[in-house]
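Below, chain A is the first sequence line, B the second, and so on; all start at residue 1.
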Number of protein chains: 4
Amino acid sequence: MTDRDNGRTGDGDRYTDDRYTEGREPARESGRAAAARGEVPRRLLATATRLFAERGYEGTSVQEIVDAAGVTKGALYHYFGSKDDLLHEVYARVLRLQQQRLDAFADADAPVERRLRDAAADVVVTSIENLDDTVIFFRSMHQLSPEKQKQVRAERRRYHERFRALVEEGQRAGVFTDETPAELVVDYHFGSVHHLSTWYRRDGRLSPQEVADHLAAMLLRSLRP
Amino acid sequence: MTDRDNGRTGDGDRYTDDRYTEGREPARESGRAAAARGEVPRRLLATATRLFAERGYEGTSVQEIVDAAGVTKGALYHYFGSKDDLLHEVYARVLRLQQQRLDAFADADAPVERRLRDAAADVVVTSIENLDDTVIFFRSMHQLSPEKQKQVRAERRRYHERFRALVEEGQRAGVFTDETPAELVVDYHFGSVHHLSTWYRRDGRLSPQEVADHLAAMLLRSLRP
Amino acid sequence: MTDRDNGRTGDGDRYTDDRYTEGREPARESGRAAAARGEVPRRLLATATRLFAERGYEGTSVQEIVDAAGVTKGALYHYFGSKDDLLHEVYARVLRLQQQRLDAFADADAPVERRLRDAAADVVVTSIENLDDTVIFFRSMHQLSPEKQKQVRAERRRYHERFRALVEEGQRAGVFTDETPAELVVDYHFGSVHHLSTWYRRDGRLSPQEVADHLAAMLLRSLRP
Amino acid sequence: MTDRDNGRTGDGDRYTDDRYTEGREPARESGRAAAARGEVPRRLLATATRLFAERGYEGTSVQEIVDAAGVTKGALYHYFGSKDDLLHEVYARVLRLQQQRLDAFADADAPVERRLRDAAADVVVTSIENLDDTVIFFRSMHQLSPEKQKQVRAERRRYHERFRALVEEGQRAGVFTDETPAELVVDYHFGSVHHLSTWYRRDGRLSPQEVADHLAAMLLRSLRP
DNA sequence: TATGAATGAGTGTTCATTCAT
DNA sequence: GATGAATGAACACTCATTCAT
């Protein structure tokens, strides 16, 4: 509406990239500079992630976020264009992370069964380790603005397609059955991944890795010719 | 009011079977009242289901529901104690329906593989035919009041347990592998069911029944010893 | 954005017509009905008019309006779609009133000089008697939404054109000079009318009628051939 | 940034004459500072004038001003004590300019009719050439702090009085009618001047000078004995 | 049964201003 | 001189719910 937005929005990776999430050496900087260099937006994003997962996006007020993060609303809106932007950053972070990991596993030098199994198990482990992101992901997508939804969906599609390519590779090679379209296989698996937050109990009998191994094993068995 | 009704398979009449029309004594009602019996709450519930699925629970105002249903707020609050109540009714209806269908399949006189396959496929077909309910189910549970959530979860657990019992029966009988705990198997399958709304396209290549057959087949294959 | 607006906006005359501004006999109605029949919106409109004139549109908060009117925000938004709507109602009321009066004078059975003089004086008197409306009119037009501005401008143009027609009639008849385009003459006069609020002092030496007579006389003199 | 600058006659240089460039000792400044001397405040004032006219005072944020002027907030607050101050400077500039011009015309060596006519026409021409100033002047006075309003009004009064003195001089000399108090005559004329922005169209049939001549002629005719 | 006016606490967002650097 | 992160109070507006009728 106005042109005053000095580059604040529409740049999904800004507060989720290395600058903000990894330990750069703060030695050369004063306290204030260090604080200014991302501490506040990072804290806001972490707090928002937690609260969105706990109470839902609509159930979390901006006031609650800033109170929990120990800053004021003005600070939040200094870094994020809107509450919706904050949510978008959560998605951006997750998407980037998962894509990186999938690419690594898919490009590995190993038989396709092994690569698919590893990738399938890895996404389970990381999803369990970031259950907050997971619960937000599948529950709050519709709260994003239409264009941001579109963007997220596009990135998600890329991810799915990489995964599907693995399945198809195995099918072509004859190590996987092609009775079921690869796309359905992928959706089947990711349905269970997205719903981990519904049923996975950290205090349950199974560790994240055990759950991951079981789910990956099921996937592989369901692909046996 | 919206153009979203085109091509919907689940229609308004599926609300005919609920408690608003059951067990009333029609003798005491006037002709007009009889004609209208249950009409208003049924329409409200159908409208709310549609809107909750379209815009989310928090994104739908009570005013929008009553406007779309062609009644007034007073009428809504006459039949439902709160907006939350309305959501709860959606869950109650879905749960009752699915439990009934599962029980029928599970109690059938057939080999366990057949019973599990049929039940697994059926829940897919009915979920696709009632995608609105499905999308609400997995997305809006956290909006229910804690006690209603507890209640829904309890009913859901009963449902899952009946399904799991089928799996365990097959495992004991040796027709299913017991490599994976039955509970995980159930969660794996229902993850994909809950996420149908994310990826199932009515205009896609596969009919609901075909999708259901594929998913059931995958489930069965993943259980092969 | 939503279709829930049950006919609340876009109907400029609703709270400014007889129902709300004239004394209907409340005898047949209960207190509540009488109160409901326009008391609240009328009071809101009157209060808003006063405050907008005193402090400007942007300088008046919705909270101040409702506090001064003795109601709550909810009540205001029950009757008016927005703060902007409230402003629009002020314009609608003024425009309707002035057009009616001008039409009466212009259609009278009298020589054109007389009709123009009477109309010119009358608008001065009524503008002074409703200085709040006048000050709002010329100062806050740009705060209206673009479409409402357009609407107001269109009605204002109609008014000006009727006035201009009087001038042109006299010019054709030769009783007024046509040295100056009629349009300029009209703008000249209404500039002074709109600015009455800037300089007219109720406690000054001149009564509204005297001021009106002077300004009308100046107009007529400036039109002498 | 906007396309509104097309065909503007008043340019940025009219801010060259104000207190930011007068009376500084250039000796103490570096070449760079000298080059920049007064540049920033002048640009800020020009930008603010344009934006205030376009969007209103309240409708223009400080951020928008500094963005459009290509500086930062800190710079603005370095030169101007507040947003209100910026507005005040607009008034000060206009008032100083108009007073200078009026004085020149009023003190000229010519018959009073001629001097009044010239002054009356000149204020029209300069108002049209600086429509931004004009629209701000009559629309935003109430946004000034009370004391600044008082100050502006006092200067405005001086201006009006000088103009009125011309009218009275003619009335005493018998060349103008004294039917109408001189004060009313002045207000009549300046009403039309202040409202030029409402109706004057740069793309209309009449040039600024033609409009000015017409309005001055009307004034003179209305003063004929 | 059903109405709809009214409530009041809450929402996300804006913005002039300050100040350590 | 100039920066821009941060403030905090204010803003317009929403909405589930109540209740006299």
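Taking atom CD of residue B:E39 and atom C1' of nucleotide E:dA2, one finds them 16 Å apart after rounding to whole Å. In this entry the distance linking CG of A:D67 with C1' of E:dT11 reads 14 Å, nearest Å. Residue A:Y79 contributes atom OH, which lies 18 Å from atom P of E:dT13 at whole-angstrom precision. When the P atom of F:dA12 is taken as reference, atom CG of C:D85 falls 14 Å away, rounded to whole Å. With rounding to whole Å, B:F80 atom CZ is found 16 Å from F:dA16 atom C1'. When the P atom of F:dC11 is taken as reference, atom CG of C:L51 falls 13 Å away, rounded to whole Å. Separating the CD atom of D:Q143 from the P atom of E:dA16 is a distance of 12 Å, rounded to the nearest angstrom. Computed from coordinates, the B:L86 CG to F:dT17 P distance equals 10 Å when rounded to whole Å.
Inspection of the C:R55 and D:H142 side chains reveals no N or O donor paired with an N or O acceptor under 3.5 Å.
Nucleotide F:dT7 forms a pair with E:dA16, judged by Watson-Crick or G-U wobble geometry with both contacts under 3.5 Å. Across every strand in view, E:dT21 sits in a pair with F:dA2 that passes the Watson-Crick or G-U test at under 3.5 angstrom.
Within the 3.5 Å criterion, the main-chain N or O of D:D84 finds a donor-acceptor partner in the side chain of D:Y57.
Inter-residue side-chain proximity for C:Y91 and C:M141 is flagged as met; some heavy-atom pair is nearer than 4.5 Å. The shortest side-chain heavy-atom distance between B:F52 and B:S140 does not fall under the 4.5 Å cut-off.
Residues A:K83 and A:E58 come closest through the heavy atom pair NZ-CA, 4.1 Å. Residues C:L76 and C:L44 come closest through the heavy atom pair CA-CD1, 3.7 Å.
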Between the protein and nucleotides 7-10 of chain E, list every N/O to N/O distance that falls short of 3.5 Å.
| unit_1 | atom_1 | unit_2 | atom_2 | d |
| --- | --- | --- | --- | --- |
| E:dT7 | OP2 | C:T72 | N | 3.2 |
| E:dT7 | OP2 | C:T72 | OG1 | 2.7 |
| E:dT7 | O5' | C:T72 | OG1 | 3.4 |

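The side chain of C:K83 sits closest to F:dC13 out of F:dC13, F:dT17, E:dT17. Picking from E:dA2, F:dA12, E:dT13 the nucleotide with the shortest atom distance to the side chain of A:Y77 gives E:dT13.
Mapping C:E64 and B:D84 onto DNA chain F via the closest heavy atom, the residue that lands nearer the 5' end is C:E64.
Separating the CD1 atom in B:I65 from the OG atom in B:S61 is a distance of 7.0 Å, to the nearest 0.5 Å.
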